[in-house]
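Right, one structure below, let's go through it.
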Amino acid sequence: MWGVVAAGPLAVGGVRPSVLVFCDVDETLIGCKSLLDFLLFHFTERYGASGARHSGAVVDALRAQQEAGASREEANRSFYRGWAGERAATVAASGRRWYTQRSRDPAFFRPYTRAALRAHRARGAVVALVSGSFPAVLDPIAAAVGAAHLLCARPEVRGGVLTGDLVGGPAIAEGKRRLVRELLSRYPDVDPEDCFAYGDHVSDLPMLTEVGHPVVVGDNAELVAGLPGAHRLGHKIPSRRY
């Protein structure tokens, strides 16, 4: 269905890669929260004022869940229930329009993160985007940065229509760890200690601790505390040779 996911290990220039690079998307690679931004974009574009009210109701429900102490995983599931009944092909086309419009803004991509991914790819690494967002939003971003794999939420589709459920669960926190481990298992010649991961929030910690070179993007205090000594991405790009 959706997503940049290869059936097996990829060869780069005819050579098996020795390094995988895992990168969170929202506020790590791009400057916005793609789920909420796309929610408003899609429903307003498609349904006008009633669509804007629907997206607002979804956001209000998420806020109420968070205030009641719900986990990010629970909130993520609730978000996707707001898409029930939408045709998958229509949502995918809307995602491409969303990307075309938003990416015109020079601030859409985080420049240091994008430059870091470009440098990794130039040295032969395979890039995987890891996100709680979904392929309608992420596919064009993955194509733009040359990501070979997309590890993300997978909305369930029946008869071409989104059901509001997820296949495989949310790609949040421990869900990201699971997806990273699954991809690493498909590259048995790659040592996780040689790999890199980029994240901006403490919920990225499970993913970041799966590799030997975690990189903190931004200044989230909990994440910095959980990764003492980790590289902080700002004005420098990790330059380790491999």
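Since the model is a prediction, treat every value here as computed from it, not as a measurement.
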**Message:** According to a hydrophobic-cluster definition based on side-chain heavy atoms being under 4.5 Å apart (Ile, Leu, Val, Met, Phe, Trp, Tyr only), do Met207 and Val190 belong together?
**Reply:** yes
**Message:** By the definition salt bridge (Lys or Arg N to Asp or Glu O under 4.0 Å), identify the one residue from Lys176, Arg177, Arg178 that meets it with Glu210.
**Reply:** Arg177
**Item:** Leu208 and Asp24: CA distance, side-chain angles, deciding distance, side-chain contact (heavy atoms from CB on, under 4.5 Å) verdict
**Value:** CA-CA 10 Å; Leu208 294 167; Asp24 173 55; over 6 Å; no
**Request:** Rounded to the nearest 0.5 Å, what's the gap from CZ on Arg110 to CG on Leu233? Could you check?
**Result:** 10.5 Å
**Asked** How many angstroms lie between OH in Tyr187 and SG in Cys195, if you round to the nearest 0.5 Å?
**Response** 10.5 Å
**Asked** Taking the six-membered ring for Trp, are Tyr47 and His54 ring centroids under 6.0 Å apart?
**Response** no
**Prompt:** Say you draw a straight line from CG of Asp189 to OG of Ser18; how long is it, rounded to the nearest 0.5 Å?
**Reply:** 10.0 Å
**Message:** Are Trp98 and Phe108, when compared by the centres of their aromatic rings, separated by less than 6.0 Å?
**Reply:** yes
**Message:** With heavy-atom distances below 4.5 Å as the criterion, would you say the side chains of Tyr80 and Leu35 are in contact?
**Reply:** yes
**Prompt:** Between Ser34 and Val137, which heavy-atom pair has the shortest distance, and what is it?
**Reply:** CB-CG1, 3.5 Å
**Message:** Please determine whether residues Leu39 and Val157 belong to a single hydrophobic cluster, defined as Ile, Leu, Val, Met, Phe, Trp and Tyr linked transitively by side-chain heavy-atom distances below 4.5 Å.
**Reply:** yes
**Request:** Verify whether one side chain among Thr28 and Thr113 offers a donor that lies under 3.5 Å from an acceptor in the other.
**Result:** no
**Item:** From CG (Asn76) to CG (Leu166), nearest 0.5 Å
**Value:** 6.0 Å
**Complete:** Looking only at heavy atoms, the pair that brings Gly226 and Leu205 closest together is O-CD1, 4.1 Å
**Request:** Say whether, by atom type as modelled, one donor and one acceptor occur between the side chain of Arg154 and the main chain of Gly168 under 3.5 angstrom.
**Result:** no
**Message:** Between Arg72 and Glu74, is the salt bridge (Lys or Arg N to Asp or Glu O under 4.0 Å) condition met? List the steps.
**Reply:** CA-CA 5 Å; Arg72 288 171 65 90; Glu74 291 171 317; over 6 Å; no
**Request:** Please report the shortest heavy-atom distance between Thr163 and Asp165, naming the atom on each side.
**Result:** OG1-N, 3.1 Å
**Message:** Looking only at the side chains, is there a donor atom on one of Ser50 and Arg53 sitting less than 3.5 Å from an acceptor on the other?
**Reply:** no
**Asked** Does Val58 reach the side chain of Phe43, with side-chain heavy atoms less than 4.5 Å apart?
**Response** no
**Prompt:** Parallel, tilted or perpendicular for Phe38 and Trp83, by the 30°/60° rule?
**Reply:** parallel
**Asked** Side chains of Ile141 and Ile30: closer than 4.5 Å at any heavy-atom pair?
**Response** yes
**Prompt:** Mind checking whether Val145 and Phe109 have side chains closer than 4.5 Å, heavy atoms only?
**Reply:** yes
**Prompt:** Of all heavy-atom pairs between Pro214 and Ala230, which one has the smallest distance, and what is that distance?
**Reply:** O-CB, 3.7 Å
**Prompt:** Passes side-chain contact (heavy atoms from CB on, under 4.5 Å), Val59 versus Leu36? Steps please.
**Reply:** CA-CA 8 Å; Val59 172; Leu36 301 182; 4.1 Å; yes
**Asked** Considering only heavy atoms from C-beta outward, does the side chain of Leu117 approach that of Cys23 to under 4.5 Å?
**Response** yes
**Message:** Is the shortest side-chain heavy-atom distance between Arg46 and Glu86 below 4.5 Å?
**Reply:** yes
**Fill in**
Here the gap from Cys152 atom SG to Leu179 atom CG, rounded to the nearest 0.5 Å, amounts to 8.0 Å
**Prompt:** Would Leu162 and Val167 show up in the same hydrophobic cluster when neighbours are defined by side-chain heavy atoms closer than 4.5 Å?
**Reply:** no
**Asked** Heavy-atom distance under 4.5 Å between the side chains of Thr209 and Leu227, does that happen here?
**Response** yes
**Message:** With a 4.5 Å cut-off on side-chain heavy atoms, are Val216 and Arg232 touching?
**Reply:** yes
**Request:** Might you work through the side-chain contact (heavy atoms from CB on, under 4.5 Å) test for Ser78 and Leu62, ending with a clear yes or no?
**Result:** CA-CA 7 Å; Ser78 294; Leu62 293 176; 3.9 Å; yes
**Asked** Asp37 side chain to Lys33 main-chain N or O, any donor-acceptor pair under 3.5 Å?
**Response** no
**Message:** With a 6.0 Å cut-off (strictly less than), is the heavy-atom count around CG of Asp60, excluding the residue itself, greater than 12?
**Reply:** yes
**Message:** When you group the ILVMFWY residues by side-chain heavy-atom contacts below 4.5 Å and let the links chain together, are Phe196 and Tyr112 in the same group?
**Reply:** yes
**Message:** Restricting to non-hydrogen atoms, name the atom on Pro206 and the atom on Ala173 that form the minimum distance, rounded to 0.1 Å.
**Reply:** CB-O, 3.6 Å
**Prompt:** How long is the span from the CD atom in Glu27 to the SG atom in Cys32, to the nearest 0.5 Å?
**Reply:** 8.0 Å
**Asked** What pair of heavy atoms forms the shortest contact from Ala75 to Gln65, and how long is it?
**Response** CA-OE1, 3.7 Å
**Chi angles and distances behind the side-chain contact (heavy atoms from CB on, under 4.5 Å) call for Tyr99, Asp139** = CA-CA 9 Å; Tyr99 174 78; Asp139 276 343; over 6 Å; no
**Request:** For Glu222 and His201, test the side chains for any donor-to-acceptor distance below 3.5 angstrom and give the result as yes or no.
**Result:** no
**Asked** Is there a path from Val91 to Val25 through hydrophobic residues (I, L, V, M, F, W, Y) whose side chains come within less than 4.5 Å of each other?
**Response** yes
**Message:** Please confirm whether the ring centroid of Tyr198 lies under 6.0 Å from the ring centroid of His120.
**Reply:** yes
**Request:** Could you tell me whether the side chain of Ser55 and the main chain of Ala52 form a donor-acceptor pair under 3.5 Å?
**Result:** yes
